[in-house]
Amino acid sequence: MTVRVRIAPSPTGYLHVGTARAALYNWLFARGRNGVFILRSDDTDSERNEPEYQDDIVGSLRWLGLDWDEGIEVGGPHAPYQQSLRFDRYREVALDLLGRGLAYYSFATPEQLDEFRKEAQAAGRTPAYDGRFRVDAEVAADRVASGEQAPIRLAVPRPGSTTFNDSVRDEVTFDHDQVDDFVILRSDGSPTYHLASTVDDVDFGITHVMRGEDLLSSTPKHIILTEAMGAKRPVYAHLALLMGPDGKKLSKRHGHTALNAYRADGIMPEAMVNYLALLGWSPGEDETVVSLEDMVERFRLEDVTKNATIFDNDKLEWMNGVYIRELAVDDFVARVAPLVEADLRRGLSSAESGQLAAIAPHVQERAKRLTDVAGQVAFLFGDVEYDDASWEKVMTKPEAPIAVAAAVAGLATLDDWSTTGVETTLRTMLEETELSARKGFQPLRVAVTGSTVSPPLFESIEVLGRDVAVARLEAAATRMGH
RNA sequence: GGCCCCGUCGUCUAGGGGCCUAGGACGCCGCCCUCUCAAGGCGGUAACGCCGGUUCGAAUCCGGUCGGGGCUACCA
């Protein structure tokens, strides 16, 4: 039987990193087994759905490099893959269950239910609704026929229990008195999540349901429903939730929860995938940088950890640096050029593109995020902006004017304008002025780049060009009062 | 409150009775390299929540306890 898995986000918010991780695990599982990966939209909540979110979900998944075989925007044999378009089907299932006595119209009032739950809780019993206010089928039918609106609840078999074998958690059992007679169809005729989701899983032939642990205790409901529909239950695998640094469920106050924010912050999709994959899964050996092919080949549900995992930005950033350094230089330039232009708020001329390409290898190994680069190369494409602290720290020292003057003298007449030419000239300057490299070069760096921190000095000067470099040195000399 | 899940360095993890004086990675600290900052190299810091039990032997098995998390809607 071919493996069929799905990810089913609700378009009520941007793609959450936790959902992205679940999507990745499903994708890895499918790809490693010749399976089918499906993207479905669980958009039953018309109040909170936004097209913007749907677009973000699709776009973010694609950005990560995850493709799907059936679903939103690609269609497939079970189209549409959008719950809001399948309400008739859910109603049909609910009515069928009703007809077979497996579900019933519920006339319990919210007050009754509320009171029941309060009493149960006060008595230390479980507050799950057991259907005690259920009325006779004929009575119910009459009331509905006379126009009364009522939700349909599933009649959970009592007494009873549901046991299932979770692929990551092993055997889990829920006694049915922990499971209430939950609503499957609201009184307005719309389906609840539980109904829509399990009908789709059945209809779409889903074989493995991999999802967040927050749905673990809903699983018996889904199993009872599935089997009431006469279908075979899928294999379940519940992934532990992502936590913030304080151990609480990852939320906005911890920083970013939306995947798109990481993209905007200069995280590479390849790094994100690698990081997310290892957040709760281990290939078993002492490896941290793993190729996508390796992941596909080695991913197994049994190797997914049960522990809740804390999202660690530092490690993500480190890994992003690793991936940035692995890039071919021209690929790096291609990814970074638009960011530099955005920062400049203008396009790069072809000469400037050449400068960017020339300095690229030197900033590539210094970047942790793609967005770091614009700031590191800004000195090439505009006037110098002196960083106050840098100026104060370096240019007020007695050796600063000496070093700058000597550099101007040397560079202005340099014939061989190359990295080595610049270096030789400046090292000669060092000997003449009897300054250490540190003391002699820092003033030049500040004069030329505006900061004590920059790409390597000789390369920076070379790429800047003689005219600009010398002009900046002279301007700095003037500013120092010499 | 009830039910369910989970507990190895600060974090992600390896480990599945002796290979564990517990390994790797991030972070942090130190040294080296060095024109700054990074990168890189080398070294260091740091964990089996606790209590019992089983066993010749327990991070590994069992029980309890404590701690964390999830669910407990006509939300998803």
Side-chain angles (χ1 to χ4, degrees), chain A residues 8-10 12-13 42-45 47-48 106 108 110 113-114 117 120-129 149-153 166 168-169 172-175 177-180 182-188 190-194 196-197 212-220 238 240-241 243 245 247-249 275 278-289 305-319 321-322 325 362-368 372 376 390 394 423 426-427 430 436-442 444-446 449 451-458 460:
Chain A
S10 294
T12 53
D42 278 14
D43 57 348
T44 50
D45 189 347
E47 297 290 304
R48 296 192 294 151
S106 173
L113 259 15
D114 205 46
R117 291 187 183 113
Q121 199 170 118
R125 282 181 284 112
T126 173
Y129 175 54
Q149 296 217 311
I152 296 178
R153 290 180 182 273
D166 189 289
V168 351
R169 273 154 225 292
V172 182
T173 298
F174 287 87
D175 196 292
D177 53 40
Q178 301 302 329
V179 182
D180 51 14
F182 57 105
V183 171
I184 56 176
L185 201 71
R186 299 188 189 96
S187 45
D188 67 0
S190 67
T192 60
Y193 164 77
H194 300 301
S197 178
E213 196 193 344
D214 50 340
L215 266 350
L216 185 64
S217 36
S218 297
T219 303
H238 287 92
L241 268 16
M243 303 296 181
K248 305 286 183 196
K249 193 172 172 181
Y275 178 70
L278 262 41
L279 237 196
W281 170 71
S282 164
E285 281 148 60
D286 293 338
E287 291 177 68
T288 45
V289 179
T305 48
K306 313 181 211 288
N307 310 17
T309 52
I310 293 176
F311 194 91
D312 181 7
N313 264 304
D314 285 341
K315 192 159 185 174
L316 203 215
E317 201 170 62
W318 165 81
M319 189 165 280
V322 170
R325 274 171 255 127
H362 309 290
V363 294
Q364 185 174 2
E365 61 186 44
R366 291 170 164 72
K368 283 190 167 155
D372 289 345
Q376 294 174 342
S390 294
V394 174
E423 175 164 11
L426 294 182
R427 292 215 182 271
L430 231 45
S436 67
R438 192 180 193 93
K439 287 192 168 184
F441 289 160
Q442 279 301 77
L444 308 186
R445 187 187 310 281
V446 173
T449 71
S451 168
T452 52
V453 177
S454 82
L457 183 62
F458 316 130
S460 295

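Both backbone and side-chain heavy atoms feed into the values below; hydrogens, waters and symmetry mates do not. Here is how names work: the chains are called A, B, and so on, in the same order as the sequence lines, proteins then strands, and each is numbered from 1.
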Side-chain N or O of [X] closer than 4.0 Å to phosphate OP1/OP2 of [N]:
X	N	result
Arg48(A)	A76(B)	no
Asn313(A)	U11(B)	no
Asn307(A)	C6(B)	no
Arg325(A)	G40(B)	yes
Thr452(A)	C37(B)	no
Arg117(A)	A73(B)	yes

- CD/Glu287(A) to CG/Leu278(A) distance, rounded to the nearest 0.5 angstrom?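 Result: 9.0 Å between the selected atoms.
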- Query: What's the closest nucleotide to the Pro127(A) side chain, out of A14(B), G1(B), C5(B)?
  - Reply: G1(B)
Would you say the side chain of [X] and the base of [N] hold a donor-acceptor pair, judged only by whether the two atoms sit under 3.5 Å apart?
X	N	value
Thr126(A)	C3(B)	no
Arg445(A)	C35(B)	yes
Arg366(A)	C37(B)	yes
Lys368(A)	A38(B)	no

Nucleotide paired to [N] in any strand shown, Watson-Crick or G-U, under 3.5 Å:
N	value
A22(B)	none
C3(B)	G70(B)
C31(B)	G41(B)

Taking the [atom1] atom in each of [N] and [M], what is the distance between them to the nearest angstrom?
N	M	atom1	result
A46(B)	A22(B)	P	11 Å
A47(B)	U13(B)	C1'	12 Å
G15(B)	C4(B)	P	28 Å
G1(B)	G16(B)	C1'	36 Å

- Message: Quick check: closest heavy atoms across Met319(A) and Tyr275(A), and the distance to 0.1 Å?
- Response: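 Result for this residue pair: SD-N, 3.5 Å.
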- Message: Using a 3.5 Å distance criterion without hydrogens, assess whether the side chain of Asp42(A) forms a donor-acceptor pair with backbone atoms of Ser197(A).
- Response: no
